[in-house]
Amino acid sequence: MGKTFHILNGDALMSRFPSAFQGDVIVFRECLVDGDVSGESDEEFYQNRASFISTSYGEFTPESYFEMTVPELEKIKDIPKQSTVNLWFEDDLFCQVNCWYVLGRLRRQDHQGKVYLVRPFTSLEYGFAGLDEQGLISNFEKRQELKKSEFNVLGKLWKAYQYKNDNELLEIANESIKFADFLKPAMNAEIDRRSTEGELGRPEKSLLKIMEDLDTRNFGPVFQEFCKRESIYGFGDLQVMKLWKKLTGSI
């Protein structure tokens with residue numbers, strides 16, 4: 001019988017993860033929805049991410065990225081092929097992009113064991129944070145096993161995202177609509193955030209509308225309202241603040 005792994009989208013869930021669950025835990029400490037995700041090799045990818053994170057988020061350094069994030073990513077590479085893997089990711093774009101990376105990695109490793117999606121049954125705005133310990137246990141009991149064919153389809157998502165291949169993203173969405181209908185809103189949100197010549201992307205447009213509706217440029221209330229209106233993105237304060245600063249000219 002193979003080992004069991006739980007891959008969690010961040011330390012917030014790790015701090016509340018029920019001790020009753022058996023298996024090894026891997027914490028995915030990334031925000032692949034933001035910034036440079038290029039790199040043909042793992043080494044190049046890690047270097048590009050470390051550079052982006054340290055440049056964009058001042059409290060992080062390249063060294064901290066290699067100390068905190070890379071070791072957890074490397075653990076995914078060491079998962080035995082016959083293991084059972086539970087992917088604890090929410091439905092918003094932030095979480096989904098991270099999940100796509102894991103699925104892509106497992107597919108490249110020719111993973112043969114069972115793969116389950118563990119998704120929260122709460123609203124997008126609250127996700128796993130809206131569940132207590134018993135809620136997380138109940139959620140786990142409703143996990144969705146991916147058939148091999150389904151796993152192979154979703155395993156193609158990362159490369160499509162990495163190379164910004166919108167046509168392939170939509171093709172995969174159409175292929176997966178019967179077993180993963182939650183993907184389409186996230187994919188549409190990804191495509192909609194592209195800025196075209198002379199036109200802002202959806203997140204920027206939404207921020208401008210919120211500032212107009214609330215009659216304020218103050219970040220706090222604007223951020224809270226963005227999380228309500230655009231919960232599909234799953235952006236944290238750091239991602240929204242970058243957009244807000246560009247729009248308001250703040251430094």
Side-chain angles (χ1 to χ4, degrees), residues 1-33 42 45-46 68-122 127-162 172-173 175-183 186 234:
M1 185 175 180
K3 296 181 67 175
T4 296
F5 290 83
H6 300 273
I7 302 181
L8 314 185
N9 195 53
D11 288 287
L13 178 56
M14 177 63 188
S15 66
R16 303 165 45 249
F17 199 64
S19 58
F21 290 139
Q22 296 183 347
D24 294 352
V25 176
I26 298 173
V27 182
F28 199 93
R29 300 186 178 109
E30 251 290 12
C31 56
L32 298 176
V33 74
D42 289 336
F45 174 76
Y46 294 156
M68 300 294 294
T69 299
V70 171
E72 297 297 300
L73 298 179
E74 287 289 295
K75 289 178 183 178
I76 300 173
K77 295 166 63 175
D78 295 331
I79 294 176
K81 287 186 177 182
Q82 299 300 327
S83 302
T84 295
V85 181
N86 300 289
L87 304 179
W88 292 74
F89 292 87
E90 300 175 18
D91 291 353
D92 58 78
L93 183 64
F94 185 112
C95 288
Q96 279 302 302
V97 172
N98 289 346
C99 186
W100 300 346
Y101 175 91
V102 178
L103 287 164
R105 164 60 65 187
L106 292 174
R107 184 172 183 264
R108 292 197 303 277
Q109 295 169 190
D110 191 29
H111 187 77
Q112 299 295 316
K114 293 185 176 181
V115 177
Y116 293 90
L117 301 180
V118 188
R119 299 165 44 232
F121 50 73
T122 54
F128 288 124
L131 300 172
D132 58 15
E133 181 172 332
Q134 187 54 51
L136 291 172
I137 293 173
S138 297
N139 221 132
F140 179 74
E141 293 171 349
K142 298 176 182 178
R143 61 185 176 161
Q144 174 187 353
E145 181 179 358
L146 293 177
K147 299 176 183 177
K148 189 64 177 178
S149 59
E150 297 169 348
F151 168 72
N152 285 331
V153 170
L154 299 189
K156 296 183 292 185
L157 279 165
W158 169 248
K159 286 299 181 183
Y161 173 80
Q162 186 180 31
I172 296 171
E175 282 186 77
S176 62
I177 195 69
K178 291 183 179 179
F179 65 90
D181 60 345
F182 60 90
L183 284 175

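Start at 1 with the first residue, then count along the sequence. These values consider heavy atoms only, across backbone and side chains, with no hydrogens, waters or symmetry-generated copies.
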List the steps and the verdict of side-chain contact (heavy atoms from CB on, under 4.5 Å) for Trp158 and Val97. CA-CA 7 Å; Trp158 169 248; Val97 172; 3.9 Å; yes
Shortest non-hydrogen contact from [X] to [Y]?
X	Y	answer
Ile26	Ile76	CD1-N, 4.1 Å
Val27	Gly10	CG1-C, 3.5 Å
Pro120	Gly127	CB-C, 3.7 Å
Glu90	Gln96	O-NE2, 2.8 Å
Leu32	Tyr161	O-OH, 2.9 Å
Ser83	Phe5	OG-CE1, 3.5 Å

Heavy atoms, side chains only, cut-off 4.5 Å: are [X] and [Y] in contact?
X	Y	value
Ser176	Leu154	yes
Glu72	Leu8	no
Leu73	Tyr46	yes
Val102	Phe89	yes
Phe140	His6	yes
Tyr101	Glu30	no
Gln109	Lys81	no

The single option from Val153, Leu87, Val115 that satisfies side-chain contact (heavy atoms from CB on, under 4.5 Å) with Leu146 is Val115
Show the numbers, then the answer: is there a side-chain contact (heavy atoms from CB on, under 4.5 Å) between Leu136 and Glu133?
-> CA-CA 5 Å; Leu136 291 172; Glu133 181 172 332; 5.6 Å; no
Check your understanding: Given the rule in the side-chain contact (heavy atoms from CB on, under 4.5 Å) test, do Arg105 and Asp42 qualify, once you have shown the distances and angles that lead to the verdict?
Key -> CA-CA 11 Å; Arg105 164 60 65 187; Asp42 289 336; 2.6 Å; yes
*asked:* Check whether Phe121 forms a cation-pi arrangement with Lys142 (NZ or CZ under 6.0 Å from the six-membered ring centre, at most 45° off the ring normal).
replied: yes
Pairwise distance [atom1]([X]) to [atom2]([Y]) - rounded to 0.5 angstrom:
X	Y	atom1	atom2	value
Arg108	Lys159	CZ	NZ	5.5 Å
Trp88	Phe17	CH2	CZ	4.5 Å
Phe28	Leu13	CZ	CG	14.0 Å
Ile7	Leu103	CD1	CG	8.5 Å
Leu93	Leu183	CG	CG	10.5 Å
Asn86	Arg143	CG	CZ	4.5 Å

Look at the side chain of [X] and the backbone N and O of [Y], then say whether any donor-acceptor pair between them is shorter than 3.5 Å.
X	Y	result
Gln144	Arg119	no
Asp11	Met14	no
His111	Thr84	no

Q) How far apart are the C-alpha atoms of Phe182 and Leu117, what are their side-chain angles, what is the distance that settles it, and do they pass the side-chain contact (heavy atoms from CB on, under 4.5 Å) test? A) CA-CA 12 Å; Phe182 60 90; Leu117 301 180; 3.8 Å; yes
Problem set entry | Lys148 NZ: over 12 foreign heavy atoms closer than 6.0 Å | yes
Fill in: Pair Asp24 + Lys75, salt bridge at N-O below 4.0 Å
no
